[in-house]
Amino acid sequence: MSYLKVLFPLLVLLNGVKTDGDNEKQKYRLNGNLIPSTYEVEVTVMDNFGSTAQFFGNVKIRFRAKLQTSEITLHSNKLKFDATHIQISHDPPQTPIAVSDVTFNSALEMVTIKTQSPISINSSYILSVNNYEGFLDLDMNGFYRSYYNNSKGESEWIAVTQFQPTSARRAFPCFDEPQYKAKFDVVINHPLDYYAVSNAEIKTIELIFRTSTKSKKTIFNSSPIMSTYLVAFAVTKYAAMTVSTNNIKHSIWSSMETIRDSQYALSVSPKLLKVMENFTKIPYSVSGLTKLDQFSIPDFSAGAMENWGMVTYRETAILWDPYENSRRNKQRVGTVVAHELSHMLFGNLVTTKWWSSTWLNEGFATFFEYFSLAQIENDWELDLQFIIEEHQRVLVSDSLEKAKPLTNPNVFTPGDISGMFGSISYSKGGSVIRMMSLFLGETTFFDGLNLYLTDLKFNSSEPEDLFKKIQEKVEVSNQLPTNLSAIMNSWTEKHGFPMITVNKSDSNLILTQSQFFSNTTPPTKWYIPVTYTTSVEKKFSDLKAKKWMLPTESETVINGVWTPQVSWVILNVGVSAFVRVNYDDALWTGLQHALHKENFDGITPINRAQIVDDAMNLARADVLTYERAFNIISFLQKDNDYYPWQSAFNAFVYLRRRIDKESALGKSLDKHIQRMMNTLYKSVDFNNNNKRHVEMLKKAMALTWACQLSVSDCTSQAQALFTDYMTKNKTIDPNLRSVVYCTAVRSTGKSENWEYLWKKLEQSQRASESVTIISALGCTQNTNLLHRYLNESIKENSTIRRQDGQSVFNSVISGSSKGVAIGLQFLIDHFESISTSYGGMNALTSVINGLADRLTTKEDVARLEEFISKNRDKLKDAATAADTAIETAKKNLEWVVKNEKELMQYLQNTDEGKGNDSNKVKSTFVLVFTFVGVALKRWL
């Protein structure tokens, strides 16, 4: 599943430390005694399902028992049935087994059926639950309903599923844990003018005649052996575009109004399946399926969902129009489709046994979303983008005190499970897998994956299974310091990551390791693959480990690196390991001087990005002073490459969020940003000149920052483009719409521009354009409009779709200096409506966390803390996460007290031309140290 990174930033904060309550939580797990083999699921959706919100179902489950029992416990949530609906018999059928009692536990989402005679060991039985009733909610979970507007402006309803991780139980009673794999035979009864689609191919369609109506019965072939969360079905009036390649029928389903935008996804999908087959030597056809349907859904809580044979997406993740959508939108479609199709192997064919190791599914999908698509879009530099978008961002999350380990044994409740679908499982999982692939080498890595997928196909796995299978392919020549399990467990079973400290001693380098941003006792240590290059070698393409740091050693010595000809050394070439690197003062100085030489003395853009990211985060962790960090990155003034600047902007977000934008320090920082962006800003323009993909990403990044900081040339050009758009209907380049819209709304206190965009949002038929407008509307400084906008996000029948409510809130608190205070008051006044409208407690948790991270005064933190204290019972699971958010907010205030004097002194010195000269850096270079700003808003 592609999760929305903007929605779940707090999911990394629930720690992996075992508590006394974990024993109590064990009751949320099935006991493992009953093993299902097949399900027959029949669902009936009536003509008026959009208004009645009802469905009816029958399920027949074949199962065996490991131990004799008189109890059958399985999952069921929000389904209505009782003992009269239940039948139990031997398979093949014999005398029915009488039911003595049925008990529902809504907290555990389970039902326990007691039988008058025992279920025997290893005999086959059939459990039938007939004519149960379910509810098609609007909450984007389970079997739910959504709608879209057709070309006549009329609402068309769709019924569709989203079961991962724990919502199949809302559609049919089942053993709803990933290890319980089975085959599924699905039948859908539905209105005559609708289509039904499920995981497998359609076997037959029958007409059903009732007294006054006709309907259809669509019967599907058996699915592959799979987990319940991968079951999917939909009832819709959608159209489909189809192409057949390599005996697989590929179809994209969407509304008649948007189906034309499915061309890119349809063209790239067969290629991606072939790439995955080339990588792993396992074809999609191993599933037994001959088709792959992909659905765009109007309201969808996740980014996408990898249901086997029937993948579902947010519209923005599957539809792309080259004339109306940006290059970033196209990349989003490509990477999300690649993520989901890689799940056909990693997650579907072989599935994590339990959600404690969600990274076995999501880490591989994150890895392949970049590296499989890179085989097709080979000029997008996706291998480098991975480092910026995934690796560097999750280093920040994983340095938090309460970050979870990749493999987290303390996962029991639905809330615990949802918490695993965050940046640790996805981004850290993908980053650690990339590191493993580099130190093993491509051949060993992919041969090992082939063995893993072949030997465990249609089964579930644990991390040890993966490591042992790859180990079988490891050659002696790989020179690993120990077995692969020991190496990888040091990365997957602990939270956090190491900081390597490099000291020069004569001609040698002395390396030591410690956990970054932590004082754990005893200290955590890792097996670390070390890569390095020097000013003499400049070998930035060799990413294979030259040395290993061992957890049993206090230091690691690299002999003979430093010669009279060497002026600098860089560790972690190509950002190949999941670490940060700190150097002694002399080594930092050598790098600093090199970066001011012609062509940065040959140091590549991605390693310049690494230096920026490490230096600024080492300062954040109080390892370096900010003055020192700023001196190190002063080369940026003459650097106009995308990657170092993206790393800089990502790091500067932290600074600017800590400091009140209206304070003297905040204003001083903004002035410096304007000065320091001069070279970068001059390298881009507002013209639509169809540059290469990464250049377009850089253009959007640079112009967004310049206009946010009121660079007059930027704002005037953006306003002129918007005026032509509003008065002359002149099209704006899709790559620039976000910055133009936001600037036009922000730069005037009048409501005219805002109202014009709001009208465009009401009329929009494209989800990607709606997302752009939603983000821009939060940029206004008009407090009345901000209040109105937030109210629209929770209003019934609003223009704002349910899936976009939280995006509205985020746009308000990040779009203007006034938005945080307004957002705080809105949360206090309407938190229950926020939970209902935005998608439940997970969404509310994210709202609280995002808001807390932006609070800059003691008064606002105290108000949020008081609100949480008063409403702890109503906040439920969100209360614990909210407590963590409050602690983070308090630490942020402490950071300001600790660092504002140093920062202000530094800025005053540079303003007065007194920039630090201890390392022979000219003051014009020093000025770059000070830029701080607002992060580019990022999709999933």
[X] atom [atom1], over 12 foreign heavy atoms within 6.0 Å:
X    : atom1 : answer
K181 : NZ    : yes
E40  : CD    : yes
K353 : NZ    : no

Where is the tightest heavy-atom contact between [X] and [Y], given as atom of each residue plus distance?
X    : Y    : value
F300 : R314 : O-NE, 2.8 Å
N31  : Y180 : C-OH, 4.5 Å
Y28  : H75  : O-NE2, 4.2 Å

With F135 via ring pair (Phe, Tyr, Trp, His ring centres under 6.0 Å) - residues at least two apart
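Counting only residues at least two positions away or on another chain, F135 forms no ring pair (Phe, Tyr, Trp, His ring centres under 6.0 Å).
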Tell me, with the steps shown, if N361 and T352 meet side chain to side chain donor-acceptor pair (under 3.5 Å).
CA-CA 6 Å; N361 292 5; T352 183; 5.1 Å; no
Decide if the gap between the ring center of F421 and the ring center of W355 is smaller than 6.0 angstrom.
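F421 vs W355: aromatic centres under 6.0 Å.
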In terms of the angle between their ring planes, are [X] and [Y] parallel, tilted or perpendicular, with boundaries placed at 30° and 60°?
X    : Y    : result
W359 : F364 : parallel
Y125 : H90  : tilted
F826 : H830 : tilted
F143 : F55  : perpendicular

Pairwise side-chain contact, [X] with [Y], heavy-atom cut-off 4.5 Å (strictly under):
X    : Y    : answer
Y229 : T351 : yes
E362 : F346 : no
S460 : V350 : no
V160 : F295 : no
M305 : V311 : no
I158 : P298 : yes
M344 : W308 : yes
N58  : V129 : no

Show your working on salt bridge (charged side-chain N to carboxylate O under 4.0 Å, His left out) between R802 and D137 and close with a plain yes or no.
CA-CA 12 Å; R802 184 174 287 259; D137 209 336; 6.0 Å; no
Side chain to side chain donor-acceptor pair (under 3.5 Å), that's the test. Do S418 and D416 meet it? Break it down for me.
CA-CA 6 Å; S418 294; D416 294 339; over 6 Å; no
Please walk me through it: do I113 and I86 pass side-chain contact (heavy atoms from CB on, under 4.5 Å)?
CA-CA 9 Å; I113 303 164; I86 297 171; 3.8 Å; yes
Take R863 and E866 through the test salt bridge (charged side-chain N to carboxylate O under 4.0 Å, His left out) and record every step on the way to the result.
CA-CA 5 Å; R863 288 184 66 205; E866 181 184 13; over 6 Å; no
Quick check against the 3.5 Å criterion: does [X] have a side-chain atom that pairs as donor or acceptor with the backbone of [Y]?
X    : Y    : answer
Q162 : Q164 : yes
T161 : F233 : yes
N871 : I868 : no

Evaluation steps, side chain to side chain donor-acceptor pair (under 3.5 Å), between D299 and S146
CA-CA 6 Å; D299 287 300; S146 179; 2.9 Å; yes
Verify whether one side chain among [X] and [Y] offers a donor that lies under 3.5 Å from an acceptor in the other.
X    : Y    : value
T407 : S357 : no
Y838 : S793 : yes
T888 : D853 : no

Please assess E401 against K891 for the test salt bridge (charged side-chain N to carboxylate O under 4.0 Å, His left out), listing each intermediate value before the final yes or no.
CA-CA 12 Å; E401 185 179 341; K891 289 179 180 179; 3.2 Å; yes
Salt bridge between D398 and K428, side-chain N to carboxylate O under 4.0 Å?
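Here D398 pairs with K428 in a salt bridge, since their nearest N and O are under 4.0 Å apart.
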Return all side-chain donor-acceptor pairs below 3.5 angstrom for residues 43-50, not counting sequence neighbours, or 'none' if the list is empty.
residue : atom : partner : partner atom : Å
T44     : OG1  : N189    : ND2          : 3.0

How would you list all residue pairs meeting salt bridge (Lys or Arg N to Asp or Glu O under 4.0 Å) that involve residues 70-89, not counting sequence neighbours?
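Found E71-K114.
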Out of D176, N77, T228, which residue meets the side chain to side chain donor-acceptor pair (under 3.5 Å) rule with R169?
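The single option meeting the side chain to side chain donor-acceptor pair (under 3.5 Å) with R169 is D176.
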